[in-house]
Colleague: 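Handing you this structure, nothing more for now.
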Amino acid sequence: MCYDVETQLRRQLKKAVEVGAPSEEIDFLEHKIKQFVSDFGEDELSKNEHHWTMGFQHQKIPVITDEDPDNLQFFHWGLIPFWVKDKVTARKIANNCLNARSETMFDKPSFRAAAKERRCVIPLSGYYEHHWVDSKGKNKVPYFIKHKNGSPLFMAGLWETWLNKEKGEEVQTCTIATTKANNSLSRVHNRKLGDPRMLVILPFENVSDWLSPIEGNADIELLEALCIPYPDELLELYPVAQLRGKLGVGDMAQASEPFDYGLIGLP
DNA sequence: CCAGACGTTGTT
DNA sequence: GTCTGG
DNA sequence: CCAGACGTTGTT
DNA sequence: GTCTGG
């Protein structure tokens, strides 16, 4: 259920500076944020900043595409393949394409064109996963997953442009790649046997590789080699207050602050 | 042929 | 009408 | 967000 | 757009 994210770019930039991230990493965000504000205004940036947004809302999240790697853009979360004909199908597919399995993204009709030609990175301050307190998942505790030192997380993503023919509008969408979960994320996902997943986090030094054009199968293998579980020791996970519903804190800074449920045995 | 799917996630 | 699962 | 469910029974 | 199941 990799369906909830924290996208605050200003916060990411602040943290990157605080922890003394490499200057290329700071510039990568700083320059793009500046450029975006200069092009579209501060209000447009704030409007797209989210402490919490859930995939099914299909709000816009920040992307840096292979096509325009110098600029920051905001695309709707939930990929709509170019061949979708109508709005109803688009919504249905977007709901199911919030994530793309990296192991199969070059084969699946919904993803293969984007995997080859339209990759992006999605900078996040962190994302959320729901831990099941009981065996039925009646009670869930959301966890926030962030870099241990607070640095931005660069997620591997794919993007598409879809033409809404009824409206005559182009809609730009994106999805976040997943891979096998590492140990700590498997523990947060405490369900029965199966195939626990996590989002693909790219070390900053691999971001440019992810955004580079590919020539053939050898290059596809290089991309696949980037889609591996992020090391446990570089991540920090902790429970946060309920995100959704009446009792949820929703799109507030509080969403990613630690919350004590007073429950023993939580991972 | 041709309608229907095309996907993910610990499948409540 | 209201809750829930995806 | 929004489509779909909304229930019971001694056992699908 | 392209593949698959009937």
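Basis for what follows: all heavy atoms, side chains included, without hydrogens, waters or symmetry-related copies. Predicted model only: the values in this text are computed from it and were never measured.
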Colleague: Under 4.0 Å, heavy atoms only, any strand: does R187(A) hit a base, just the sugar-phosphate, or nothing?
Modeller: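 The residue R187(A) makes no contact with any strand.
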Colleague: Take the protein atom CZ of R112(A) and the nucleotide atom C1' of dC3(E), then report the distance between them rounded to whole Å.
Modeller: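 Going from CZ in R112(A) over to C1' in dC3(E) covers 7 Å.
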Colleague: Return yes if a side-chain donor-acceptor contact under 3.5 Å exists between H58(A) and N95(A), otherwise no.
Modeller: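 N95(A) and H58(A) do have a side-chain donor-acceptor pair below 3.5 Å.
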Colleague: Rounded to whole angstrom units, what separation is found between the NE2 atom of H130(A) and the C1' atom of dG6(C)?
Modeller: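 Atom-to-atom, H130(A) to dG6(C), this comes out as 12 Å.
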Colleague: Would you call E44(A)-K60(A) a salt bridge at under 4.0 Å N-O?
Modeller: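 Salt bridge: no.
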Colleague: Take atom C1' in dT11(D) and the same atom in dA5(B), then report the distance between them in whole Å.
Modeller: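 The answer is 35 Å between these two C1' atoms.
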Colleague: Figure out the CH2/C1' separation between W162(A) and dG1(E), and round it to whole Å.
Modeller: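 Value for this atom pair: 15 Å.
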Colleague: Rounded off to whole Å, could you give me the CG-to-C1' distance for the D4(A) and dG5(C) pair?
Modeller: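 In whole Å, dG5(C) C1' lies 13 Å from D4(A) CG.
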Colleague: Quick one: does any side-chain atom of N182(A) pair with a main-chain N or O of Y230(A) as donor and acceptor, under 3.5 Å?
Modeller: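 Flag set: sc N182(A) to bb Y230(A) pair under 3.5 Å.
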Colleague: Would you kindly check if the NZ (Lys) or CZ (Arg) of K32(A) is within the cone defined by 45 degrees around the ring axis of F28(A) and under 6.0 Å from the six-membered ring centre?
Modeller: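 Geometry flag: set, cation within 6.0 Å and 45°.
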Colleague: Check the distance between dT9(B)'s P and M54(A)'s CE and give it to me in whole angstrom.
Modeller: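 For the pair M54(A) CE and dT9(B) P, the rounded distance is 17 Å.
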Colleague: So does T89(A) get a side-chain nitrogen or oxygen closer than 4.0 Å to the phosphate oxygens (OP1/OP2) of dA5(B)?
Modeller: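 Result: no.
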Colleague: Here's a test for you: under side-chain hydrogen bond (donor to acceptor under 3.5 Å, both in side chains), which of T175(A), T173(A), D66(A) qualifies with W159(A)?
Modeller: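 Considering T175(A), T173(A), D66(A), a side-chain hydrogen bond (donor to acceptor under 3.5 Å, both in side chains) with W159(A) is found only for D66(A).
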Colleague: Answer yes if I176(A) and W162(A) sit in the same cluster of Ile, Leu, Val, Met, Phe, Trp and Tyr residues linked by side chain heavy atoms under 4.5 Å apart, and no otherwise.
Modeller: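 No, I176(A) does not connect to W162(A) through the hydrophobic network.
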Colleague: Let's see if you can work this out: which of dT8(B), dG1(E), dC1(D) has an atom nearest to the side-chain heavy atoms of N99(A)?
Modeller: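 Nearest nucleotide to the side chain: dT8(B).
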Colleague: It should be established whether R101(A) places a side-chain nitrogen or oxygen under 4.0 Å from OP1 or OP2 of nucleotide dT8(B).
Modeller: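 No, because none of the side-chain N or O atoms of R101(A) sits under 4.0 Å from OP1 or OP2 of dT8(B).
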Colleague: Which is true for K180(A) with a 4.0 Å heavy-atom rule: it touches a base, it touches only sugar-phosphate, or it touches nothing?
Modeller: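 If one applies the 4.0 Å heavy-atom cut-off, K180(A) turns out to touch nothing in the nucleic acid.
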Colleague: Let me know the distance between NZ of K92(A) and P of dC6(B), rounded to the nearest Å.
Modeller: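 From K92(A) NZ to dC6(B) P: 10 Å.
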Colleague: Would F82(A) count as stacked on dG1(E) if the rule is ring centres under 5.5 Å and plane angle under 30°?
Modeller: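 F82(A) ring does not meet the centre or angle cut-off for dG1(E); no stack.
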Colleague: With pairs taken as Watson-Crick or G-U wobble and both distances under 3.5 angstrom, which stems of at least three consecutive pairs involve DNA chain B?
Modeller: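 Stems for DNA chain B, defined as runs of 3 or more consecutive pairs: B:1-6 with E:1-6.
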Colleague: According to a strict under-4.0 Å criterion, is R91(A) in side-chain N/O contact with OP1 or OP2 of dC2(D)?
Modeller: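 For R91(A), the contact criterion (side-chain N or O under 4.0 Å from OP1 or OP2 of dC2(D)) is met.
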Colleague: If you measure only the distance, is there a donor-acceptor pair under 3.5 Å linking the side chains of T65(A) and D68(A)?
Modeller: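 D68(A) and T65(A) do not have a side-chain donor-acceptor pair below 3.5 Å.
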Colleague: Quote, to the nearest angstrom, the C1' distance that separates dT2(C) from dG10(D).
Modeller: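 After rounding to an integer number of Å, I get 31 Å for this pair.
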Colleague: For dC6(B) and dG4(D), measure between their P atoms and round to the nearest Å.
Modeller: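 Comparing P positions in dC6(B) and dG4(D) gives a spacing of 16 Å.
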Colleague: Can you tell which of dT9(B), dC1(D), dT8(B) lies closest to the side chain of T104(A)?
Modeller: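 Per side-chain heavy atoms of T104(A), the pick is dT8(B).
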Colleague: Let me know the distance between CH2 of W83(A) and P of dC6(B), rounded to the nearest Å.
Modeller: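 In whole Å, dC6(B) P and W83(A) CH2 are 9 Å from each other.
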Colleague: Any base atoms under 4.0 Å from A181(A), or only sugar-phosphate, or nothing? Heavy atoms, all strands.
Modeller: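 If one applies the 4.0 Å heavy-atom cut-off, A181(A) turns out to touch nothing in the nucleic acid.
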Colleague: With rounding to the closest Å, how many angstrom separate the P atoms on dG1(C) and dT8(D)?
Modeller: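 The same atom, P, in both gives a distance of 23 Å.
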Colleague: Just by distance, with hydrogens left out, do Q242(A) and Y261(A) show a side-chain donor and acceptor under 3.5 Å apart?
Modeller: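 The criterion, which ignores hydrogens and geometry beyond distance, is satisfied for Y261(A) and Q242(A).
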Colleague: Give one of base, sugar-phosphate or nothing for K108(A), where a contact means two heavy atoms less than 4.0 Å apart.
Modeller: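 Result for K108(A) = sugar-phosphate.
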Colleague: Calculate the interatomic distance between K87(A) atom NZ and dC1(D) atom C1'; express it in whole Å.
Modeller: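 After rounding, the reported distance stands at 12 Å.
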